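One structure is given here, and the rest of the page talks about it.
All values below were derived from every heavy atom in this structure, side-chain atoms included, with hydrogens, water molecules and symmetry-related copies excluded. For ligands, and for the atoms within them, numbers begin at 1 and follow the listed sequence. Computed from a predicted model, the values in this text were never measured in an experiment. One-based numbering along the sequence shown.
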Amino acid sequence: MNKKITVLPGDGIGPEVVQSAIEVLNSVAKHYNHEFEYTYAKLGGVAIDEENTPLPEETVRLCKQSDGVLLGAVGGPKWDTLPGHMRPEKGLLGIRKELNLFANLRPVTAHESLTGSSTLKSEVINGVDLMIVRELTGGLYFGEPSERRQVNGEEAALDTMIYSRSEIERIMRQGFELAKVRRQKVTSVDKANVLESSRLWREVAIEVGKDYPDIELEHMLVDNAAMQLIRNPKQFDVVVTENMFGDILSDEASMLTGSLGMLPSASIGSGGPGLYEPIHGSAPDIAGQNKANPLATIASTAMMLKYSFGMVEEADLIDAAISKVLNDGHRTGDISNPGEATLSTTEMTAKVLEAIEELQAVKN
Ligand code: IPM
Ligand code: MN
């Protein structure tokens, strides 16, 4: 197959981890006789510096024309004092909206060999395998108005949490469809004891659930969900939640894997290209030092192969290679224990490439 991939390296460690991911994609392409064609475009701080906007029109055009989008990370202290509409993050939110990527899938799988690098007890996290399905184009992130105004003679600021039935319905459906091929359980997370938007969320969740009689639907308040995630994470299969709750819970859940540097994500919509990115940020403190953990971005390309290109075997190969390097004891700084040797970004990438060769050799 021939696939066009738009690459948005972005800021900070973005370009480094994206480079690693592309090397892995190329190796898979070689083994399976695919051709991946890469077109680079600017997003975030780098776009602000060079084009004076976090999301140039050319970037949107290139993304829309492609079969899939690979993103590194955006943001950094350099752009932190810019007004809201000019921040790098606005570019990321903009491209999610432009591509109508309403569903953000964030799988959380604990690699057994990594349980030692988590701050949690291994018996709590061994065997964790859950999927956070985060609504990505609505809620507080996009609700209007979102502004400063004068209230009772003083400065105030507001954001709007708004969800329509159809927005809730499509994300819930996504969650149920995923649960079908997993362990048949959906936990819908809301704050229905306080928020009207959550009460509608719960109503719609129940309605959609009627179409999936074989799947268990449970409702959980977000504060309780935050607690349950570290108390007993193995109770979860698919967690479906609104944009902001999903943002917060997925950072928390990343700790079940030992490091934020391990979590990939897929953002998908209705038919167009999906966007694949690690959930970690641009890590400006280690940018350009060849220290970043590339595994989350590499795992994100596996999600691209699976969800956008239907290349399941190829995706499994990448995931198996990641497991192999971890089982073999290879660690970047973020996942190593004190005193353990740590690999650089490029060394870790080389280990993944080697693992792919070895796994293929065994197969053939
Ligand atoms: C994420 C990030 C983004 C978000 C930021 C960078 C805008 O934290 O993908 O989780 O909040 O969605
Ligand atoms: Mn986040």
Side-chain angles (χ1 to χ4, degrees), residues 8-15 17-18 21 42-48 53-55 59 63 69-108 131-143 146 159-161 163 167 171 189 222 225-226 229 239-257 259-269 274-285 287 292-293 296-297 299-300 303-304 334:
L8 310 172
D11 309 316
I13 58 171
V17 292
V18 156
K42 295 183 190 106
L43 179 80
V46 55
I48 295 171
T53 165
L55 180 57
T59 297
C63 289
V69 181
L70 176 65
L71 167 67
V74 297
K78 182 174 175 194
W79 306 280
D80 268 350
T81 51
L82 293 172
H85 70 279
M86 274 293 283
R87 291 182 60 102
E89 290 81 0
K90 204 70 186 178
L92 177 55
L93 300 183
I95 194 68
R96 287 172 177 169
K97 195 77 173 178
E98 284 282 347
L99 299 177
N100 196 23
L101 304 171
F102 63 85
N104 184 215
L105 317 185
R106 299 188 156 183
V108 181
M131 172 82 89
I132 297 182
V133 179
R134 170 189 177 194
E135 200 292 328
L136 202 60
T137 49
L140 270 177
Y141 275 61
F142 292 95
S146 167
D159 297 288
T160 302
M161 172 91 118
Y163 270 105
E167 282 177 306
I171 191 71
V189 171
V222 63
L229 261 179
V239 175
V240 187
T241 192
E242 70 89 36
N243 205 342
M244 175 74 118
F245 297 163
D247 179 46
I248 298 169
L249 292 180
S250 57
D251 264 37
E252 185 193 9
S254 74
M255 279 299 114
L256 305 169
T257 69
S259 167
L260 192 56
M262 293 300 301
L263 249 65
S265 88
S267 302
I268 54 182
L275 182 147
Y276 299 83
E277 56 173 322
I279 88 154
H280 63 67
S282 57
D285 53 322
N293 180 351
T297 315
S300 299
M303 293 189 86
M304 176 185 294
D334 59 316

Any donor-acceptor pair under 3.5 Å from Thr241 side chain to Val189 backbone: yes

In Asp247, what N, O or S atom is nearest to the Mn ion (ligand 2), if we give its atom name? OD1

Which heavy atom of His280 sits nearest to which heavy atom of Asn293, and what is that distance? NE2-O, 4.2 Å

for atom 4 (C) of ligand 1, nearest protein heavy atom and its distance come out as Tyr141 OH, 3.5 Å

Sub-3.5 Å donor-acceptor pair from the side chain of Ser282 to the main-chain atoms of Gly75, do we have one? yes

Within reach of ligand 1, part of Met244 (heavy-atom separation under 4.0 Å): neither

For Thr53 and Met86, which heavy atoms make the closest approach, and how far apart are they? CA-SD, 4.5 Å

May I ask which of Glu277, Glu89, Arg96 has a heavy atom nearer to atom 9 (O) of ligand 1 than the others do? Arg96

When every non-hydrogen atom of Ala296 is compared with those of Pro264, the smallest separation belongs to O-CB, 3.5 Å

Out of curiosity, is Asp247 lining ligand 1, as in a heavy atom under 4.0 Å away? yes

Nearest-contact summary for atom 1 (C) of ligand 1 - protein heavy atom, Å: Arg106 NH2, 3.3 Å

May I ask whether Arg134 has any heavy atom positioned less than 4.0 angstrom from an atom of ligand 1? yes

Side chain, backbone, both or neither: which part of His280 comes within less than 4.0 Å of ligand 1 when only heavy atoms are counted? neither

Backbone of Ala292 reached by a side-chain donor or acceptor of Asp334 within 3.5 Å: no

